[in-house]
Amino acid sequence: SIGNWALFNSIKLTSVTIQATTPPTLGGTDAFGNTNNCPIYVPAESLEAYSQATNWSSLASRLQAIVA
């Protein structure tokens with residue numbers, strides 16, 4: 001799981017990569033708040049699942065598929 005506020009205010013992030021094929025529980029929508037809207041890379045086969053998962057759906061515009 002990723003707790004709410006986990007990466008909040010990490011303004012130097014340029015991207016985040018998550019390898020989990022099942023979206024981890026996201027504690028809240030502020031987990032990636034104030035991170036310069038950097039892309040969040042997830043497995044290509046799981047992109048739709050992440051886009052629809054609780055709290056992840058609010059980040060759908062930032063989700064991108066990991067390209068091998």
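The figures here come from the full heavy-atom set of this structure, side chains too, leaving out hydrogens, waters and symmetry mates.
Contact check for Pro39 versus Gln64: side-chain heavy atoms found under the 4.5 Å cut-off. Put simply, the side chain of Cys38 does not reach to within 4.5 Å of the side chain of Thr14, judged on heavy atoms.
Looking at residues two or more places apart in sequence or on another chain, you find no side chain to side chain donor-acceptor pair (under 3.5 Å) involving Ser46. Among residues two or more places apart in sequence or in another chain, the side-chain contact (heavy atoms from CB on, under 4.5 Å) test is passed with Asn34 by Phe8, Asn9, Ile11.
In the hydrophobic clustering (ILVMFWY side chains linked at under 4.5 Å, chained through shared members), Ile2 is joined by Leu7, Leu13, Val16, Ile18, Leu26, Phe32, Ile40, Val42, Leu47, Tyr50, Trp56, Leu59, Leu63.
In this structure, the separation between CD1 on Ile66 and CD on Gln19 is 4.5 Å, given to the nearest 0.5 Å. Here OG of Ser15 is found 10.5 Å from CZ of Arg62. Values are rounded to the nearest 0.5 Å.
No donor-acceptor distance shorter than 3.5 angstrom exists from the side chain of Asp30 to the backbone of Asn4, with no hydrogens or angles considered.
Nearest approach of Gly3 to Ala31, heavy atoms of both residues: O-CB, 3.5 Å. The two atoms that bring Glu45 and Thr21 nearest to each other are OE2-CG2, 3.5 Å, heavy atoms only.
A 6.0 Å sphere centred on CD of Gln52 holds more than 12 heavy atoms belonging to other residues, nucleotides or ligands.
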